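Reading through the structure tokens given below for one structure.
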Amino acid sequence: MRMSVYFAPTMKEAPAEAEVPSHKLLLRAGYIRKLASGIYEYLPLGLRVLRKIENIIRKYMDEAGALEVLLPILTPAELWQETGRWDVYGKELFRLKDRKNRDFALGPTHEETITDLVRKNIHSYKDLPKNFYQIQTKFRDEARPRYGLIRGREFIMKDAYSFDISEEMAVKSYEIMKETYHKIFSSLGLDYIMVEADVGAIGGKYSHEFVVKVPNGEAHIVYCEKCGYAANVETAKYEFELDKLPPEDEKPLEKVYTPNVSSVEDVAKFLNVDTKKIVKTLVYILSDGRKVAVLIRGDRELNETKLINYFKVLDCRLATSEELKEMNIVEGFVGPIGLNLPIYADISVKDLHNFVIGANEKDYHFINVNIPRDFEPIEFVDFSTARENDPCPVCKAPLKETTGLEVGHIFLLGTKYSEAMKAYFVDKDGKEKPIIMGCYGIGVSRLMAAAVEQSYDENGIIWPEEIAPFKLMILPLNIKDEKIKNKAEEIYKKALDLGIEVLIDDRNISAGAKFKDADLIGIPYRIVIGRKLKDGIIEFQKRTGEKEEISINDIDNLLEKLK
RNA sequence: CGGAGCGUAGCUCAGGUGGCAGAGCACGUGCCUUGGGAGCACGGGGUCGCAGGUUCAAGUCCUGCCGCUCCGACCA
């Protein structure tokens, strides 16, 4: 491709609205443009990257035996009503009406549609297993689109759905997808990690996330370098046995005056005790209306996902100041003794001695509290958010913490959708049974951003070779110099003949501008043809920084290597 | 959805107390230049987000709306 006729509008400055590196660079380098919040146009360069990513995904999905389909984006409300998600999905679901006033939704995901296809066309165990996938635009009316391609309202996703005759076979399908995802993400040239994940609202038995490691990512994960354990902090087990304080003799319970001292830090300072000996009492309202008190050691953070899962509710939240007042609870001095609420405790509170709690009275705390002498929780449960240096739940080595971007998520769904939508098959024994499902997503457009987040410098993008829009860029520094121009054209033609994806900057602009644009766009390899041509020398550069001067006689060898 | 901020040329932004719409970059033409976003000259480009109000006069003050971004909640 020739830059002189291409469309890659670069910008010296990033638009003020762009905050994160991938957003700024993809805009500046002419890969994308914004149409509206969370809605982007893919320019020629951007589309090439998308296609590269898609093709890698396709290759491994096909290899795994998955069958590519293309489902409608526009889906009738009836399907969503069947599974109840028309109501549950909420405002995130883009809804619209047709001319006859019928309700439709723009597909945010396609469990309903694919299950409908399967129930209408697959009836026997002989037709199973099946795995269908598609690469398609998805719509979610996000409350807060952000970070460019990372969280959009319209985005491109690969979604796949497996259908099996038994739990055992479904697990097998799941494992095949897990392997396939490993192949895909390593082929994309990305530094990623697979972690255990929460199943979330989509439901199901278990789930893994594939997370590209980037600084300041949205996903918080802990992992063990020793044994390979890795999990989202939402779901990572807290191994408290190794985090316990040494046993102590019980001291007599005492109420102490702690004027205006309520936060854990303040109480620790005021009473001169370790935050590990202070116990926070949090009052939560569950989505089914229940109110509970949850105790957790002062140095730990409560994990609401674990709370939701334990109480088997959809959601939970901390009680507001007003609600506490209505319950006659003294905010800032809440404690389990004399509290008229069901009391649950995080395992961090177990075997804790002589600790501090609120006295349910303004400006007072109890010290030297002991379980079960002074009160007894209903149950000790793992409610803690895992964090760096916690012992690994598998091998006890200290965990590492990192952040990343979730780019893939796989779920073993079970029969949630097949039962709701009556997707049954007749088994060998003649009995009708629900099909066991799995679903598997990859954020294609988000991957494009994730790749940039992982690999860039102050001058621009540094694409992994696997997904770069072009492999080679040729820079004739002075197009008015016939010799330079002709040599560049000659190399360009050779590269094309060899099937190398090559971009030549044949524009009549200054050398500096060509270098700046080339750095910004981030093509992995570069041949620079300038002054030294008269000595028979051209330069071969990698976007990562290495440069070497080579003789024009070695060009054929060089191109052969790039093939 | 809660909190904060912003909206003036394609982009980045300046335009105290109300008084002729601005700069740099980008764009066009010409000259010159070609190893890190060169220089000179000339030129084109605006519904100052929208609507209403106050005023002799509004980019500027007031009200409402819209859009965009950030923090949080949410997020298969």
Side-chain angles (χ1 to χ4, degrees), chain A residues 9-20 23-24 27-28 30 33-39 83 85 88-93 107-112 138-148 150-153 155 157-161 197-204 207 209 218-219 232 234 287 304-305 308 314-318 320 405-411 413 416-417 438-443 446 458-460 475-481 484-485 505 507-520 526 528-533 537-539 541 547 549:
Chain A
T10 57
M11 293 183 277
K12 267 191 185 173
E13 288 169 295
E17 67 194 33
E19 197 74 17
V20 298
H23 193 194
K24 285 184 183 168
L27 285 168
R28 281 190 59 206
R33 284 293 182 266
K34 188 179 76 175
L35 178 63
S37 176
I39 303 176
T83 59
R85 288 211 286 184
V88 173
Y89 219 100
K91 288 186 176 173
E92 210 175 295
L93 189 66
T109 173
H110 279 72
E111 283 81 11
E112 280 80 358
K138 296 282 187 273
F139 295 85
R140 291 182 196 178
D141 197 358
E142 291 284 348
R144 190 173 161 212
R146 60 182 136 171
Y147 308 144
I150 290 171
R151 181 170 297 279
R153 294 193 292 169
F155 58 98
M157 175 164 138
K158 187 281 309 183
D159 47 324
Y161 307 88
D198 184 63
V199 292
I202 199 164
S207 156
E209 282 174 359
E218 292 180 299
N232 193 302
E234 286 180 357
S287 55
E304 293 188 351
T305 305
I308 286 166
L314 285 172
D315 201 5
C316 71
R317 61 180 175 82
L318 277 170
T320 62
L405 270 176
E406 179 192 337
V407 291
H409 204 158
I410 60 178
F411 299 85
L413 287 173
K416 177 173 170 171
Y417 294 93
C439 76
Y440 318 91
I442 291 179
R446 181 183 278 187
E458 67 279 6
N459 295 315
L475 302 191
L477 294 184
N478 181 357
I479 208 78
K480 286 195 173 160
D481 182 324
I484 291 175
K485 185 183 171 189
D505 196 345
R507 294 174 298 175
N508 181 25
I509 58 172
S510 74
K514 287 186 186 183
F515 280 118
K516 288 291 181 190
D517 271 353
D519 285 344
L520 198 51
R526 190 184 298 172
V528 179
I529 305 159
R531 284 172 183 154
K532 286 179 185 154
L533 179 67
I537 301 285
I538 59 166
E539 198 168 321
Q541 303 181 342
K547 301 176 179 181
E549 293 191 339

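Worth saying up front: this structure is predicted, and the values here are computed from it rather than measured. Chain letters run A, B, ... following the sequence lines, proteins first, then strands; residues in each count from 1.
Salt-bridge annotation for A/Lys416 and A/Glu111: absent, with no side-chain N of the basic residue lying under 4.0 Å from a carboxylate O of the acidic one.
A/Glu458 has its CD atom 14 Å from the P atom of B/G37, to the nearest Å. Note: CG (A/Leu533) to P (B/U34) measures 16 Å, nearest angstrom. Spacing between atom CD of A/Glu218 and atom P of B/C74 amounts to 13 Å, rounded to whole angstrom units. Taking atom NZ of residue A/Lys480 and atom P of nucleotide B/C31, one finds them 8 Å apart after rounding to whole Å. Nucleotide B/U34 holds its P atom 13 Å from the NZ atom of A/Lys514, rounded to whole Å.
Counting any heavy atom pair closer than 4.0 Å across all strands shown, A/Ile509 reaches a base atom. Looking at heavy-atom distances under 4.0 Å, A/Asp517 makes contact with a base. Using a 4.0 Å heavy-atom criterion, one finds that A/Lys138 contacts no nucleic acid atom at all. Nucleic acid contact for A/Glu13: base, since at least one base atom lies under 4.0 Å from a heavy atom of the residue. Residue contacts for A/Arg28: at a heavy-atom cut-off of 4.0 Å it reaches a base atom on one of the strands shown. Residue contacts for A/Asn508: at a heavy-atom cut-off of 4.0 Å it reaches a base atom on one of the strands shown. In this structure, A/Tyr161 reaches neither bases nor backbone, as no heavy-atom distance under 4.0 Å exists between it and the strands shown.
The phosphate of B/C1 (OP1 or OP2) has a side-chain N or O of A/Lys91 nearer than 4.0 angstrom. Proximity of A/Arg144 to the phosphate of B/G2: no side-chain N or O atom is located under 4.0 Å from OP1 or OP2. Using a 4.0 Å cut-off, no side-chain N or O of A/Ser510 falls inside it from OP1 or OP2 of B/G37. Applying the 4.0 Å criterion to OP1 and OP2 of B/C74, one finds that A/Tyr89 has every side-chain N and O outside that range.
Nucleotide B/C42 forms a pair with B/G28, judged by Watson-Crick or G-U wobble geometry with both contacts under 3.5 Å. The partner of B/G5, taking Watson-Crick or G-U wobble pairs whose two distances both stay under 3.5 Å, is B/C68. With both pairing distances under 3.5 Å, B/U34 is matched to nothing as a Watson-Crick or G-U wobble pair. Figure legend. B/G16 is base-paired to no nucleotide; pairs are counted as Watson-Crick or G-U wobble with both atom distances under 3.5 Å. Taking a pair to require two hydrogen-bonding distances under 3.5 Å in either a Watson-Crick or a G-U wobble arrangement, B/A51 pairs with B/U63.
The closest donor-acceptor contact from the side chain of A/Arg153 to the backbone of A/Phe139 lies at 3.5 Å or more, if one exists at all. With hydrogens and angles ignored, the 3.5 Å screen pairs a side-chain donor or acceptor of A/Arg446 with a backbone N or O of A/Ile150. No side-chain donor-acceptor contact under 3.5 Å links A/Lys480 to the backbone of A/Asn508.
Partners of A/Thr305 under the side chain to side chain donor-acceptor pair (under 3.5 Å) rule, at least two apart in sequence or in another chain, do not exist in this structure.
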